[in-house]
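I have placed the structure first, in the form of structure tokens, so that the comments after it can refer back to it.
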Amino acid sequence: VEKSKRIILGKNPTEIYGFGDTLNSLLEQDESDNNNNKIFILMDENLDYTCDSESQVFLSGSKVVQETLQKLSPRDEQRTFALVRSANDSAKEVSLYKSRTHGFFPKTISRHEKVQEALMPLW
């Protein structure tokens, strides 16, 4: 994916909670440009941030994606490809991620050629 077409979110609660709105905006913009592009989402499972400079808040990335996908039209969901990325790769965890998203991507894969190799069967 070209660098100019990448969006990285999650540096603060606003970006995390606004993920659905951001995705909808991207889908709408793409459609108004008469494109039919797919949007690839790679979401970390463990989303955390500090609230009120003291308490730590933890969210499930796969749950955030699940809730977002459920609000999309069937056509828009088909235009997305959402994977959850996690170091927790037990059969039980992977099954949970797959029930909430379109698939699982292990954190252990980091080299460029290995990333492409892992994505090809999923795509």
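Scope of the values below: all heavy atoms of this structure, side chains included, with no hydrogens, waters or symmetry mates.
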Side chains of residues 8-17: which donor-acceptor pairs under 3.5 Å do they make with residues two or more places apart or in other chains?
from : atom 1 : to  : atom 2 : distance (Å)
N12  : OD1    : T14 : N      : 3.1
N12  : OD1    : E15 : N      : 2.9
E15  : OE1    : G10 : N      : 2.7
E15  : OE1    : K11 : N      : 3.1
Y17  : OH     : Y49 : OH     : 2.9

A side-chain contact here means heavy atoms from C-beta on lying under 4.5 Å apart; do L27 and R79 qualify? yes
Restricting to non-hydrogen atoms, name the atom on Q56 and the atom on D48 that form the minimum distance, rounded to 0.1 Å. NE2-OD2, 2.9 Å
Heavy-atom side-chain proximity of E77 to H102 below 4.5 angstrom: yes
All side-chain contact (heavy atoms from CB on, under 4.5 Å) counterparts of L42, not counting sequence neighbours: F40, L83, R85, F105
Close side-chain approach of I41 and F81, heavy atoms under 4.5 Å: no
Do you reckon M43 sits in the same ILVMFWY cluster as F104, going by side-chain contacts under 4.5 Å, direct or chained? no
In short, S99 meets L96 closest at the heavy-atom pair OG-O, 2.7 Å
Between the main-chain N or O of G18 and the side-chain N or O of T22, is there a donor-acceptor pair closer than 3.5 Å? yes
Which pair of non-hydrogen atoms, one from V84 and one from D44, has the smallest distance, and what is that distance? CG2-C, 4.2 Å
With heavy-atom distances below 4.5 Å as the criterion, would you say the side chains of L59 and N46 are in contact? no
Non-hydrogen atoms of A82 and V65 that approach each other most closely: CB-CG1, 3.6 Å
Check the pair F58 / L47 against side chain to side chain contact (heavy atoms under 4.5 Å, CB included), numbers first and verdict last. CA-CA 6 Å; F58 297 93; L47 305 174; over 6 Å; no
Identify the heavy atoms of R100 and S62 that sit nearest to each other, and give their distance. NH1-OG, 3.0 Å
Between E45 and S60, is the side chain to side chain donor-acceptor pair (under 3.5 Å) condition met? List the steps. CA-CA 5 Å; E45 173 57 16; S60 163; 2.8 Å; yes
Spell out, as yes or no, whether a donor-acceptor pair under 3.5 Å connects the side chain of D76 to the backbone of L72. no
State, with a plain yes or no, whether a side-chain heavy atom of I7 is found less than 4.5 Å away from one of L26. yes
Can you sort out the partners of Q70 under side-chain contact (heavy atoms from CB on, under 4.5 Å), two or more places apart, ordered by chain and number? Q66
